[in-house]
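Worksheet: one structure, shown below.
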Amino acid sequence: MFTWFDLPESKGVIDRILEMGSTSDSHEILALQMMRSFVEEFNKELPPKYISKQRRVVVTFRDKQLKSIFEHGLRAMRTAIGGGLDKRAMLSQALLVQRDCLGFDFIGLAPDEASDEAVAIQIPSTWKDLIQVEGFLDAYFEGYAHCGPPLSSQFVEVLVLVASIRRSFYTEAVRIGFVKRMSAGIAEILAGGVGLDDVDNYHHVCRLLARFRCIHTLVEIEDAPVYRALLVAAAAFTATGLGLWEWSANSVAPLLTFWAKVAAAHDGRDSSAEACGDVIAATLPRVVGQHVRAMVEATARVAGGDSLGDSPLENTDALLENMALAGSIARAAYAASAAAVLALARAMAGEYHALLNGAAGADAVAACEAQLAWPVYAVAQCIGARQPYRAQPDDDRADADMFAAALELDHVARQRLQRGVGGAPSEALELAVLHLLHSFRATYIGEQGYKAAAVYARLAELVGLRDAGHVLALVVDRLLFNLRTWPPPSPVVHRTLQLFHDLSVGYVSVRQVARLDAAAALLAAHADFRFLGAVDAFKPRALYYAGLARILFSAPDAAPPAFAAFVRPWARLIDDLALMSDAQLAADHVRPGLLRLLRDLRGFLSAVSSKGHYALFFAWISAAQRMRLVHRCVAMAADGCVQIAALKFMAEFVFNRTQRLNFDVASPNGVLIFREASRAVCAYGGRVLEERGAAVRDVYKDRYKGVAVCFTILARLIAGKYVAIGVMPLYGDPALERAYSVAVELLKQFPVPD
């Protein structure tokens, strides 16, 4: 590819191949296949170091060759359409060539399959003579109607790309005609169900609907009859399509995207003044209700063994994406949408009560609770989609009604667990409740929350939550309940800790949390949770102790006695470990406690952001020779995990995060920290150098990982600028020279590619 335009023999090759293709149908098919190879080669994504050279070559190919290839594909398609069965292979190749040409990376964005559906194709203006012609779209719609699969799906794939061409490519008059013809063609397919019994056709038609509405606002045809025909056909199609989740799960998102775009331009307060406002206002609440009910039914079929597919609750990313679209749709017609979600939640709550009051088994309860997750997710996304500048008091009261209904469901589920009825708790329902609490907090509490008296007035009537403080207390109690109830590997624990972390990050919310009685109790007994017994999971521990550190230091003048009380369990543990010999410290039953201690200290220290708070920790860790335990862990050659944990704690200890290590001019703390870190690096590096040439099981874990942390420590020491390393040799301090010497020797031991 890089030498293509430099070789004289490559000039005119594509033109000669296209000319040879006219010899016969078989030659034409081969020529089209070769054109596809050319386009794929020049559109291939390469490593970043080649990007500048690649773009120069790609731009040359785009300007000189790509248009002629696309034009040849158009001619071959038109020739093959009337050729009957003998031309099907040629027609297929011609459509694939057009698909690849339209999907070319014209401006260097390199979008992948996960990119935003609204990305417009930046096709050059020089292609207008090929696309802005009379009857351009007719060939594709006629081909789709008369050719069966797989050709029909290829026609729609090309239509999806044509619908994605940027609006500015067309003049105003041409764009009106294009939008009308595309709308009429899509409406005809949807209304007649043409080819929609094939799953590929169905999926690409859903994509066509979404892409067309994402790129074109349809303002050009709002007054035309075809606009109403398109919306009516799309509404009927969506009502059926949302129930086909098992058949084509990936098609739900495009359908919801179409209606989310329609909803974004819809004025729910005065639909009569809007073109087809009556159709839109009636359809949006139905779409929300149909989607939630379809997911409930799909989950029930999976739980009952009537479906061979996976549960829609298992793909959390797709679930949240689709429910976010449903929340945006609901907000455009909120009174009716909220009423539909609330009615569904109350109806399912009644079924749940009846099930618990009967003699239902654990499987039936688990299946019912999994289904209950969907109305809870729907409530969460409806609340999360609130826009403060558009929200009305009635909308906030609707939020309160739905939130109270979801809390009632959660309360019943927790009572069931406390009574020991119906087996284990439902992971899906717990995750849905956590998402609900997250959405309410983000919308109505803290930095992103907006004062909304209506929501709290209504909540006070329903469940006694009078203000944000009461809701926060409920959230924290719920988080603590999860941490006491669920085992460590569960996603519920991770999501609970993530929400706890979110509460502690906000400037306003962390201060509100710190004033709660539950927070004070948590700081006084922070080690009494099941997940803290796990050794291997660092991230959950880091989230937990980083959040506790922010709560502890949330007051501007955090008192040293509060800090001393918090670290007292760690101090007792360190003092006990310090009394052990090296052999006792390396025992198998002691190792888990060492790892937990080092990782907890590292997680706690990662959230210490001010100079005064760091000084408290520094004074504590330096007292009673507690840092000596860290050096003993670094020297434990028999246990690489403990060594790495100690080195990573040291890397956090020396990190001048947010200038927290900027000591006073007369303070020796910077030099003391440098000496401690240099001692750890030299101890670990010296042992690695002593064992050079020895066989290891895993070169990364046993060698490179620890050495990389040592380099991180040195880089942070030098970049921190809290110690004048240039004057250290003047008063005979060897810490700098020793650290440099060990670093250079370590670098010399490893192969350059590694």
Side-chain angles (χ1 to χ4, degrees), residues 112-118 206 210 214 242 245-246 248-261 263-264 284 287-299 302 309-332 334 337-338 340-341 344-345 369-387 399 402-403 406 409-410 426-444 448 475 478-479 482 490-503 505 543:
D112 55 22
E113 290 298 323
S115 62
D116 184 8
E117 286 284 310
C206 292
C214 285
L242 291 176
W245 182 84
E246 291 105 327
S248 183
N250 294 330
S251 302
V252 173
L255 286 176
L256 294 175
T257 299
F258 172 81
W259 288 109
K261 292 295 182 181
L284 297 182
V287 170
V288 175
Q290 288 162 354
H291 174 60
V292 179
R293 281 192 293 272
M295 293 298 99
V296 170
E297 292 168 1
T299 304
V302 171
D310 296 329
S311 171
L313 290 166
E314 294 182 6
N315 189 345
T316 307
D317 293 337
L319 181 158
L320 294 178
E321 178 185 351
N322 291 344
M323 292 306 294
L325 292 171
S328 300
I329 296 169
R331 279 286 169 181
Y334 204 52
S337 299
V341 172
L344 178 63
E369 289 186 346
Q371 296 170 52
L372 285 172
W374 288 107
V376 176
Y377 273 122
V379 172
Q381 294 300 83
C382 287
I383 293 174
R386 178 181 185 267
Q387 296 175 324
D399 282 348
M402 292 190 295
F403 187 63
L409 275 177
D410 179 50
S426 169
E427 181 179 289
L429 183 57
E430 294 292 338
L431 290 173
V433 170
L434 288 172
H435 189 63
L436 170 70
L437 299 177
H438 165 77
S439 297
F440 191 90
R441 183 205 68 82
T443 302
Y444 288 108
Q448 300 300 319
V475 172
R478 190 69 178 82
L479 299 183
N482 282 352
S490 170
V492 174
V493 173
H494 178 75
R495 189 68 186 90
T496 299
L497 292 171
Q498 187 62 55
L499 180 53
F500 180 70
H501 174 267
D502 294 343
L503 286 174
V505 169
L543 283 174

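Just so you know, these numbers come straight off a predicted model, no measurement behind them.
For the pair Leu503 and Leu479, the minimum side-chain heavy-atom distance is below 4.5 Å. Put simply, the side chain of Ile329 does not reach to within 4.5 Å of the side chain of His291, judged on heavy atoms. Between Val505 and His501 there is a side-chain heavy-atom pair separated by less than 4.5 Å. Between Cys382 and Tyr334 the shortest side-chain heavy-atom distance falls below 4.5 Å. Side-chain atoms of Leu256 and Val252, non-hydrogen and from C-beta on, do get closer than 4.5 Å to each other.
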Between side-chain atoms of residues 431-439 and protein atoms elsewhere (two or more places apart, or another chain), which donor-acceptor pairs fall under 3.5 Å?
residue	atom	partner	partner atom	Å
His435	NE2	Gln381	OE1	2.6
Ser439	OG	Ala380	O	3.3
Ser439	OG	His435	O	3.0

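Minimum interatomic distance between Thr443 and Gly384 (heavy atoms only, all atoms of both residues): OG1-CA, 3.7 Å. For Leu325 against Ala253, the heavy-atom pair with the smallest separation is CD1-O, 3.8 Å. The minimum heavy-atom distance between Pro312 and Thr299, with the atom names listed, is CG-OG1, 3.6 Å. In this structure, Ala210 and Pro254 approach most closely via the heavy-atom pair CB-O, 3.3 Å. Here the closest heavy-atom approach between residue Thr257 and residue Cys214 is recorded as CG2-SG, 3.7 Å. Contact detail for Ala385 and Ser328: the closest heavy-atom pair is CB-N, 4.1 Å.
Applying the side chain to side chain contact (heavy atoms under 4.5 Å, CB included) test between Val287 and each of Leu242, Leu255, Val292 identifies Leu242 as the sole match.
For Glu297, there are no side-chain hydrogen bond (donor to acceptor under 3.5 Å, both in side chains) partners at least two apart in sequence or on another chain. By the side chain to side chain contact (heavy atoms under 4.5 Å, CB included) test, Thr316 is found to be paired with Leu320, residues two or more places apart in sequence or in another chain being considered. Annotation: side chain to side chain contact (heavy atoms under 4.5 Å, CB included) contacts of Leu319 (sequence neighbours excluded): Leu313, Met323, Trp374, Tyr377. Partners of Thr496 by side-chain hydrogen bond (donor to acceptor under 3.5 Å, both in side chains), not counting sequence neighbours, listed by chain and number: Asn482. With sequence neighbours excluded, the residues satisfying ring-ring contact (aromatic ring centres under 6.0 Å, His included) with Phe403 are Phe440. Applying the side chain to side chain contact (heavy atoms under 4.5 Å, CB included) criterion to Ala249, with sequence neighbours excluded, gives Trp245. Under the side-chain hydrogen bond (donor to acceptor under 3.5 Å, both in side chains) criterion, Ser490 pairs with no residue, sequence neighbours left out.
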- Task: Before giving the answer on side-chain contact (heavy atoms from CB on, under 4.5 Å), spell out for Leu284 and Trp259 the whole-Å C-alpha distance, their side-chain angles and the decisive distance to 0.1 Å.
- Result: CA-CA 7 Å; Leu284 297 182; Trp259 288 109; 3.9 Å; yes
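The list of salt bridge (charged side-chain N to carboxylate O under 4.0 Å, His left out) pairs with a residue in residues 316-331, not counting sequence neighbours, reads Arg331-Asp399. Residue pairs meeting the salt bridge (charged side-chain N to carboxylate O under 4.0 Å, His left out) criterion with at least one member in residues 429-438, sequence neighbours excluded: Glu430-Arg478.
Between Leu429 atom CG and Gln371 atom CD the span is 11.5 Å, to the nearest 0.5 Å.
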